[in-house]
Visitor: 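If you scroll down you'll find the structure; I have some questions about it.
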Amino acid sequence: MINNRNKSTVTGMAWGSDGQKICIAYEDGAVIVGSVDGSRVWGKDIKGPGLAAVQWSPDNSLLLFALTNGELHLYDDQGNFTMPVACNGIAGSMEVISMDWFSGSAPINRPVLAICYKNGLILLMKNCIEEDSVVVETNMVAIDCHWNHNGTVLAAAGTSDQTNVVQFFTAYGEHIRTLRVPGGTLRALSWEKRSLRLAIAIDSFIYFANVKPDHKYTFYGNTLAFVSGTETVTFWDTDTHQSWINHIPDVIDMSGVSEYCVIATLSTLIISNQQGIQCDAKPVTIPVSYVTINSKAIVVAASKDSFLIWKFSTPSRPRSTEQLYHADGTVVTSSDVGFNDDTICCITCSDSHLLVGRESGIITLFSLINFKKITAINMNSKPYKLGLNSNSSKFYVIDQPGSLYLLDTDMANNISIGQALRKDVWSALWASDNPQMLAVAEKARLYVLRDSEPEEPLTMQGYLCKFKELEITTALLDSVTDKCTPQHIVRVEVKSLRDTRQLIEKVGLKEAENFIKDNPHPQLWLLLAEAALKNFESESALETAEAAFVRRNDYAGIRFVSRLNQLHSNALKKAEILAYFKDFDGAEKIYQNEDRRDLAIALRKRLGHWFRVVELLKMSPSTTEVQIKQSYSNIGDYYIDRQNWSGAVEYYLMSNNTDGLKKCYMALEDNESLSKLYTGSSKYKDGLSKQNTLEDISDSLNQTPSIQGIIQLKETGRMLQAAAMAFQLANDEASKKVSPLRIKKLFILSGHLYSQNSVEGAKNRLAINSYSRGFAQHWLWLSAARAHAGGRADAALRAAARLYALVPDLHPAQHIQAWCTIAAIAIQARAFNLCSKAFIKLEALDSLNFENLAIEIFTRCKPKDPKGNKIDCLNCTSSMSEWSTSCPACGATVAGCAVSGRPLAGSVGEGGAAAWRCGTCGARAMPHELVLRHSCPMCHAALDASH
């Protein structure tokens, strides 16, 4: 396309989002639209003061023109005038210098149209008819502006104080960063395809700037968690290379440490473990912008005006607490009103301290132990990132221009802020095992500061994840497109570790030891010790290894060297050292060459390599049958651990392990083999006939109830005797106070056998008695499980209330256990009325142990239950707690769900019609509790056999 219009100059050009059309605007109002092959599609003269800029709409159906007087006019794609565009917030006539209309997908409430005026104002609009626009004041003479590839960052170029600058803003107009660019006249800028670089035209040069997107990611334990899509978070284990993807939309920020990470969304704080499994969550009412976490299970979430300290629940601390504070550390009350101009812009915390940075440059230090404000310091510039070292003695500050400062938490040592240690810094990370070492990312280089002194820089393209044992782990998040691979994790050794390795390889152990003494670190001493072990034959090598282990306080290493010194054969020493470095095959080969197969067998036994143990035993002439059988038995245990019951049976048969075979046959439900195993025991190896044998078995079983006896009685058709034996065995087990779950199963088995062999079915008196006792064991087991699990207190309280009503159906030997369980749950849920009832029973059973405890509890707490959710009795309409099992006014029974213990809808008296009911045992449950179940939660009968 030849531009041969000599009477006017081009003021604006814009390609359509699909690259098929280009629009050229001239200063005199002429417009030409051409195709991608250079042919002219249409032309038009727009009357008026002239054109300053042009831009296509995202769908290429509209053209937006900026006139030289600052007005905006909208035309369709054929050049027909549509409407003027109101510039709300812009007063007077101002020259438009650039426009950019983001053409990708974006949320409805996010601005996509940027109008840049020469005086530095930028107008951000969601569409052309919007009334509430965002006006940004850049304080520079603007030249150009463009959105990045996903429309989240706007880059605006211009001059300020005769200096070329590029300012970066969010889509909502919040300032992110300012980049100063050298050179003469700045003319234009453009983003690279994935917005990782920026091209800037200055005079006759093109400058390139690397752009590091502020990815939402965190590294904790061995897991890298990062936002991998618009609504997904990926958790990737860097050791096993397994990944888990969770659907978590609207992620604002995330932070992790040791076992847990916290993910902040628009309305929720989510605690996840290293596999991405949610461990706790909390709805929040403040608009969270920043979040941090420490190893004491404390989360700090901050909005612009306030911050929340939340102690989330863990297995060791089931109850969570929270408190909301203003930016200055004062407690937020319901009467607080107003807006704080000095808003929060960054936070960080350690196990003992919290740092809060604000827009004015003030950084406030708080103690997390008793939460009080310690002191504050003014940086005189807006902080961008903060970080506390491993012992909370120092912290770093990266301000908005990218300057790095190091300060003491003891502010008395900070006489002045001083000069910045580094400039153009965008990230930093303290070593987790050395409070004096800091990794600093500066442009595309990585510096390691030791006591504020930098080492030689290294090239770095990733994001800092972990700094431990003199090794820095970085993640190439910019390169992750689909999923993480091992190539996306880069580990870099610091200079002292590299130098020590080179000294060991090229100079010697003595020089390396002297170097480490000048630069001590446990990892360096370990490196020296392992090098000395590999060269154990050289003079004083073992002494050097022992001294290195002593320096790093490695007791196991010291014992290992001591064991080596007791060996007189260098070959055996080498075998032990190979085993230390996990070269077990090499160690075994040396043992066999030295005719010490016994040591090879002992090594494989320690490792649990039982298949190899069997091979070695068969090669040894001194092997006994007992050793072979023991190895076979261990292989059977190996298969049982992996639930391979058939494989375990094969090896248990070869080792004559009767107990193991019983477990396998019961798991396989192979009653025939189990019966043969029992009848094949020495007690019955006589020449009696089958009838006599069965009679002897019956007589024996009548005396000693057992599972095998029940099976034998069932197979001979004596179902009622089998039911009676199951009932007796359940009582015997209850008297021994074994697991309530096992006892429940035996009572349920007895009930099934009674109901299946009676014309009355489940209404048989003996069956009802068995089921009732099974129900009591069910609630005893469920109460204890919920009490120990540390979950929701109300769930455990409902189970305890059900248990309270069924304690008479338990064996007397279980009463103390039951009342203790009820009392413990009641204390946790602060239901002290129920707790007092339990202690009355406990004092009656054992006053010596429980009387003083009851006095201690009830002198502090009144015997009253908490004010929780209430339900109405359908019989007398009086109110009662939702966990009640009977109405306190009229005594009507409240039926409960067998899964959750919740009262069933309309369940007073005979139970609600809407509730599910088991046709076998009569248990009831809420229908939604059975969605993922295939059997009755009480008796395990198939659901299709129930109604």
Side-chain angles (χ1 to χ4, degrees), residues 11-12 14 49 51-58 62-74 83-104 106-148 150-161 163-179 186 188-189 191 287 289 303-305 339-345 358-360 382 400:
T11 56
L51 301 179
V54 64
Q55 188 61 240
W56 288 91
S57 66
L62 299 171
L63 279 166
L64 180 63
F65 292 99
L67 278 58
T68 54
N69 63 358
E71 294 181 7
L72 301 177
H73 288 182
L74 198 63
M83 59 178 282
V85 177
C87 301
N88 297 303
I90 302 296
S93 174
M94 291 185 292
E95 181 182 352
V96 175
I97 202 71
S98 176
M99 296 190 301
D100 196 13
W101 203 336
F102 177 63
S103 59
I108 298 174
N109 63 341
R110 193 175 82 190
V112 292
L113 175 59
I115 312 295
C116 183
Y117 294 89
K118 188 174 182 179
N119 64 357
L121 291 181
I122 298 178
L123 186 66
L124 301 178
M125 306 171 66
K126 303 182 185 70
N127 49 60
C128 288
I129 58 174
E130 182 190 14
E131 295 182 359
D132 297 327
S133 305
V134 178
V135 179
V136 180
E137 177 59 70
T138 63
N139 297 315
M140 67 179 181
V141 177
I143 297 172
D144 198 5
C145 74
H146 287 288
W147 292 108
N148 67 344
N150 57 13
T152 57
V153 176
L154 179 71
T159 58
S160 176
D161 298 328
T163 302
N164 296 324
V165 295
V166 179
Q167 297 191 43
F168 298 88
F169 301 90
T170 68
Y172 302 97
E174 297 178 3
H175 182 260
I176 302 174
R177 195 97 178 212
T178 297
L179 172 67
L186 191 155
L189 61 81
W191 288 95
S289 299
S303 66
K304 295 294 184 182
D305 305 313
F339 177 77
N340 182 14
D341 290 333
D342 193 7
T343 56
I344 297 173
C345 59
R358 290 186 273 173
E359 295 277 349
S360 63
K382 178 182 175 181
Q400 201 69 31

Visitor: Could you pull out the closest heavy-atom pair between Gly70 and Tyr117, with the gap in Å?
Guide: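 Scanning both residues, the minimum pair turns out to be O-OH, 4.3 Å.
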Visitor: Answer whether the closest heavy-atom distance between the side chains of Glu137 and Leu121 falls below 4.5 Å.
Guide: yes
Visitor: Measure from the side-chain N and O atoms of Asp161 to the backbone N and O of Thr163, and report whether any donor-acceptor pair falls under 3.5 Å.
Guide: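 No: the side chain of Asp161 does not pair with the backbone of Thr163.
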Visitor: Please report the shortest heavy-atom distance between Asn148 and Trp191, naming the atom on each side.
Guide: N-NE1, 3.5 Å
Visitor: I'd like to check Val141 versus Asn119 (side-chain heavy atoms, cut-off strictly below 4.5 Å). Are they in contact?
Guide: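 No; the side chains remain at least 4.5 Å from each other.
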Visitor: To the nearest 0.5 angstrom, please state how far the CG atom of Leu62 sits from the CD atom of Gln55.
Guide: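 Rounded to the nearest 0.5 Å, the CG-CD separation comes out at 12.0 Å.
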Visitor: Show your reasoning for whether side chain to side chain contact (heavy atoms under 4.5 Å, CB included) applies to Val165 and Thr159.
Guide: CA-CA 6 Å; Val165 295; Thr159 58; over 6 Å; no
Visitor: To the nearest 0.5 angstrom, please state how far the CG atom of Asn164 sits from the CD1 atom of Ile143.
Guide: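 Reported value, rounded in 0.5 Å steps: 6.5 Å.
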Visitor: Is a side-chain N or O of Asp100 found less than 3.5 angstrom from the main chain of Trp147, in a donor-acceptor match?
Guide: yes
Visitor: State, without any angle test, whether Asp144 and Ser98 hold a side-chain donor-acceptor pair at a distance under 3.5 Å.
Guide: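 There is such a pair (donor and acceptor under 3.5 Å, judged by atom type) between the side chains of Asp144 and Ser98.
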Visitor: I'd like to know whether Leu113 forms a side chain to side chain contact (heavy atoms under 4.5 Å, CB included) with Leu123, so could you lay out the CA-CA distance, the side-chain angles of the two residues, the decisive distance to 0.1 Å, and finally the verdict.
Guide: CA-CA 8 Å; Leu113 175 59; Leu123 186 66; over 6 Å; no
Visitor: Looking at Thr138, is its backbone amide N or carbonyl O close enough to the side chain of Gln167 to form a donor-acceptor pair, meaning the two atoms are under 3.5 Å apart?
Guide: yes
Visitor: Evaluate Glu359 against Asp342 for side chain to side chain contact (heavy atoms under 4.5 Å, CB included), listing each step before the verdict.
Guide: CA-CA 6 Å; Glu359 295 277 349; Asp342 193 7; 4.0 Å; yes
Visitor: Looking at every non-hydrogen atom in both residues, tell me the closest pair between Ala156 and Phe169 and how far apart they are.
Guide: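 The answer is CB-CE1, 4.3 Å.
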Visitor: For the residue pair Lys304 and Ser289, establish whether any side-chain heavy-atom pair is separated by less than 4.5 Å.
Guide: yes
Visitor: Assess whether side chain to side chain contact (heavy atoms under 4.5 Å, CB included) is satisfied between Ile115 and Leu72, documenting all intermediate values.
Guide: CA-CA 10 Å; Ile115 312 295; Leu72 301 177; 4.1 Å; yes
Visitor: For Leu124 and Ala171, work out which heavy atoms get closest and say how close.
Guide: CD1-O, 3.5 Å
Visitor: Any side-chain heavy-atom pair from Val96 and Leu67 closer than 4.5 angstrom?
Guide: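 Result no, sub-4.5 Å side-chain heavy-atom pair not found.
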Visitor: Closer than 3.5 angstrom, by distance alone: can the side chain of Thr68 be matched with the main-chain N or O of Pro49 as a donor-acceptor pair?
Guide: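 Flag set: sc Thr68 to bb Pro49 pair under 3.5 Å.
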Visitor: Distance from Ile108 atom CD1 to Lys126 atom NZ, nearest 0.5 Å?
Guide: 11.0 Å
Visitor: Would you confirm whether Thr343, through its side chain, and Asp305, through its main-chain N or O, come within 3.5 Å as a donor-acceptor pair?
Guide: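 Judged by distance alone, no pair lies under 3.5 Å.
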Visitor: Do Phe65 and His73 make the cut of ring centroids closer than 6.0 angstrom?
Guide: no
Visitor: Examine distances only and state if a side-chain atom of Ser360 and a backbone atom of Arg358 form a donor-acceptor pair shorter than 3.5 Å.
Guide: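 Here the side-chain-to-backbone pair does not exist.
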Visitor: Are more than 12 heavy atoms from other residues, nucleotides or ligands located less than 6.0 Å from atom NZ of Lys382?
Guide: yes
Visitor: Shortest non-hydrogen contact from Cys128 to Trp101?
Guide: SG-CH2, 3.3 Å
Visitor: Look only at the side chain of Thr170 and the backbone of Glu174, and say whether a donor-acceptor pair between them is shorter than 3.5 Å.
Guide: yes
Visitor: I'd like to check Met125 versus Ser133 (side-chain heavy atoms, cut-off strictly below 4.5 Å). Are they in contact?
Guide: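 A side-chain contact under 4.5 Å exists here.
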Visitor: Using side-chain heavy atoms (C-beta onward) and a distance below 4.5 Å, is Ser57 in contact with Leu64?
Guide: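 Side chain of Ser57 against side chain of Leu64, heavy atoms only: no contact under 4.5 Å found.
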Visitor: Could you check whether Asn150 and Thr152, counting side-chain N and O atoms only, form a donor-acceptor pair closer than 3.5 Å?
Guide: yes
Visitor: Closest heavy-atom contact between Ile129 and Met83?
Guide: CG2-CE, 3.7 Å
Visitor: Side chains of Leu154 and Ile122, heavy atoms from C-beta outward: is any pair under 4.5 Å?
Guide: yes
